[in-house]
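A quick write-up on the structure given underneath.
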Amino acid sequence: MPNKNDFKPEILDKLDLLQKKYSDMGQDLSSYLDGLLYADFLTYWDYINLDTLLSLQQPITPYPDEKVFIIYHQITELYFKLAIHEFEQIGEAVKEESLTSKFLLERVKRINRYFEALTSSFDIMVDGMDQGEFLKFRMSLLPASGFQSAQYRKIEIYSTSLDRIAHKNHREKFSGYALEEIPLIFDHLYWREGASELKSGAKTLTLKQFEKKYDAELKALAVKTFKSNVRTASGSLVFSKEEAAIKEELRQAMRWLDTNVNVNWTLAHYKSAVRYLQRDPEDIAATGGTNWQKYLPPRFQKRIFFPELWSEQEIEDWGKGWVSREVFGAK
Ligand code: HEM
């Protein structure tokens with residue numbers, strides 16, 4: 001049996017520290033050491049919940065490419081979750097009045113990285129499925145659509161003031177809105193108007209289902225982020241003369257965030273709709289029932305989180321270059 005002298009001094013020091021930690025909390029160190037003794041060694045698969053993760057890919061048709069479709073959506077939702085994780089930390093810092101430009105910059109840069117990964121991998125969708133298979137299995141998914149991704153909507157709400165994601169005909173009038181106006185603005189969000197019939201204003205089933213599940217949660221988030229969305233939070237930062245460089249870096253990172261979410265990802269995604277749904281003489285209807293040719297391209301919606309960071313010309317040209325180059329092959 002080892003006696004006390006057999007233990008290295010570092011181990012004894014650690015035992016002292018542990019003793020202090022547990023007694024400070026009124027806990028008995030010896031019982032916790034028992035726990036350590038009986039506990040199993042951690043495995044990789046348990047730590048990351050691998051079995052559960054890999055059990056979540058459940059096609060509902062026999063077409064093999066449906067699995068590609070499901071997994072890529074799940075990958076995207078995980079990246080969205082990472083982005084939201086960063087946004088939440090910005091919100092916490094605002095709440096605690098501890099937000100610094102450096103912290104905000106770092107979070108925005110991280111979110112940019114997540115979106116870059118998504119945009120550059122979108123060809124997995126665009127080129128990675130057989131169109132014939134896609135057009136068949138999608139019919140079993142009706143009326144579900146990526147349109148119903150609540151995390152995507154949350155990213156928009158965390159990024160900017162709510163007026164910026166109202167339909168473009170309503171943006172001006174809601175600029176500088178008060179907290180009490182949030183429910184009113186919600187009736188005019190771009191995606192709500194995009195999934196309603198033009199003539200009757202009737203909502204698509206896809207939208208109705210989405211609202212039933214997420215409306216209250218998204219409204220609560222809009223209230224919570226009234227002051228802590230990236231646009232408002234960055235506007236409240238004060239920069240000293242010495243901080244000119246970080247101010248500029250933040251400006252560029254926010255322009256990049258706007259480009260990543262509202263142009264690059266949006267267009268990579270639009271390219272998949274063109275690839276699978278564009279057909280002469282008539283395009284194929286979307287599962288969510290929007291007029292996707294008019295709804296998806298950023299040059300029509302001009303969703304811009306931070307308009308103050310763009311020139312009039314840049315706003316005028318929003319999303320144009322990429323479409324002609326990537327979708328229609330112009331030089
Ligand atoms: C072959 C692949 C895809 C096609 C053909 C496609 C098609 C469409 C279409 C037509 C819409 C318009 C709404 C509707 O009426 O259904 C839409 C919306 C949307 N999809 Fe996809 N999609 C694809 C992949 C994805 C993936 C992988 C994601 C990742 C989560 C996604 C997320 C979204 C989101 C967030 C919207 C709402 C966009 C907005 O409101 O501006 N889609 N999709």
Side-chain angles (χ1 to χ4, degrees), residues 76 115 118-119 122 125-126 143 145-149 152-157 159-175 185-204 206-207 210-211 218 231 254-331:
T76 305
F115 267 87
L118 284 176
T119 305
F122 218 98
M125 285 287 92
V126 179
S145 164
F147 178 93
Q148 294 173 318
S149 166
Y152 186 76
R153 308 297 173 208
K154 286 181 182 175
I155 287 170
E156 298 181 307
I157 294 172
S159 294
T160 190
S161 50
L162 208 57
D163 55 315
R164 296 307 309 167
I165 51 171
H167 185 273
K168 66 175 187 296
N169 297 344
H170 298 279
R171 270 173 218 159
E172 279 310 307
K173 76 168 179 253
F174 290 130
S175 147
I185 306 178
F186 251 77
D187 290 339
H188 298 289
L189 293 182
Y190 79 85
W191 40 267
R192 187 166 294 220
E193 302 223 341
S196 303
E197 282 174 25
L198 275 182
K199 277 194 192 136
S200 64
K203 295 172 182 181
T204 60
T206 304
L207 176 60
F210 180 70
E211 286 183 351
L218 292 179
R231 184 178 185 213
M254 286 171 60
R255 278 167 59 96
W256 191 226
L257 178 64
D258 229 346
T259 312
N260 274 329
V261 181
N262 291 322
V263 182
N264 293 351
W265 185 86
T266 316
L267 280 169
H269 171 257
Y270 172 59
K271 203 171 159 185
S272 67
V274 171
R275 160 85 170 75
Y276 294 100
L277 304 179
Q278 197 172 61
R279 191 172 59 182
D280 280 340
E282 247 178 53
D283 289 342
I284 300 164
T287 51
T290 62
N291 177 358
W292 63 268
Q293 304 91 329
K294 286 268 178 284
Y295 178 71
L296 293 179
R299 67 183 191 283
F300 296 133
Q301 299 252 7
K302 283 202 196 305
R303 263 137 50 195
I304 303 178
F305 292 154
F306 316 117
E308 52 282 344
L309 303 186
W310 301 98
S311 69
E312 268 179 36
Q313 191 60 50
E314 285 169 327
I315 290 177
E316 178 64 29
D317 293 341
W318 196 251
K320 275 186 192 163
W322 202 102
V323 180
S324 38
R325 207 172 51 246
E326 296 285 333
V327 182
F328 302 108
K331 288 265 173 320

Would you compute the distance between atom [atom1] of [X] and atom [atom2] of [Y] and round it to the nearest 0.5 angstrom?
{"X": "Asn264", "Y": "Leu118", "atom1": "CG", "atom2": "CG", "result": "11.5 Å"}
{"X": "Asp317", "Y": "Trp310", "atom1": "CG", "atom2": "CH2", "result": "11.5 Å"}
{"X": "Arg303", "Y": "Glu156", "atom1": "CZ", "atom2": "CD", "result": "5.5 Å"}
{"X": "Lys302", "Y": "Arg171", "atom1": "NZ", "atom2": "CZ", "result": "9.5 Å"}
{"X": "Asp187", "Y": "His167", "atom1": "CG", "atom2": "NE2", "result": "14.0 Å"}
{"X": "Asn262", "Y": "Ser159", "atom1": "CG", "atom2": "OG", "result": "8.0 Å"}

Keeping [X] on the side-chain end and [Y] on the backbone end, is there a donor-acceptor pair under 3.5 Å?
{"X": "Asp258", "Y": "Phe305", "value": "yes"}
{"X": "Thr206", "Y": "Pro143", "value": "yes"}
{"X": "Thr266", "Y": "Leu296", "value": "no"}
{"X": "Gln301", "Y": "Lys168", "value": "no"}
{"X": "Thr290", "Y": "Gly194", "value": "no"}
{"X": "Tyr276", "Y": "Val126", "value": "yes"}

Checklist entry - Any side-chain donor-acceptor pair under 3.5 Å between Asp283 and Trp292? => result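 Side chains of Asp283 and Trp292: no pair found under 3.5 Å.
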Specify the closest pair of heavy atoms between [X] and [Y], including all atoms of both residues, with the distance to one decimal.
{"X": "Ala166", "Y": "Phe174", "result": "CB-CD1, 4.3 Å"}
{"X": "Leu267", "Y": "Gly319", "result": "CD1-O, 3.8 Å"}
{"X": "Arg164", "Y": "Ile304", "result": "NE-O, 2.9 Å"}
{"X": "Thr287", "Y": "Ser145", "result": "OG1-CB, 3.9 Å"}
{"X": "Pro298", "Y": "Trp318", "result": "O-CD1, 3.7 Å"}
{"X": "Asp163", "Y": "Arg231", "result": "OD2-NH1, 3.8 Å"}

Compare all side-chain heavy atoms of [X] with those of [Y] and state whether any distance is below 4.5 angstrom.
{"X": "Leu189", "Y": "Leu162", "result": "yes"}
{"X": "Met125", "Y": "Arg275", "result": "no"}
{"X": "Leu218", "Y": "Phe186", "result": "yes"}

Next on the checklist: Is the ring pair His269/Trp265 parallel, tilted or perpendicular, if the boundaries are 30 and 60 degrees?
Outcome noted: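 Ring orientation of His269 relative to Trp265: parallel.
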Next on the checklist: On the six-membered ring of Phe147, is Arg153 placed so that its NZ or CZ lies under 6.0 angstrom from the centre and within 45° of the ring axis?
Outcome noted: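 So Arg153 does make the cation-pi contact.
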Checklist entry - Should we say atom CD of Glu172 is surrounded by more than 12 heavy atoms from elsewhere, each under 6.0 Å from it? => result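 Atom CD in Glu172 is not crowded, with 12 or fewer foreign heavy atoms closer than 6.0 Å.
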Next on the checklist: Test of understanding: with salt bridge (Lys or Arg N to Asp or Glu O under 4.0 Å), list the residues that count as partners of Glu316, not counting sequence neighbours.
Outcome noted: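 None.
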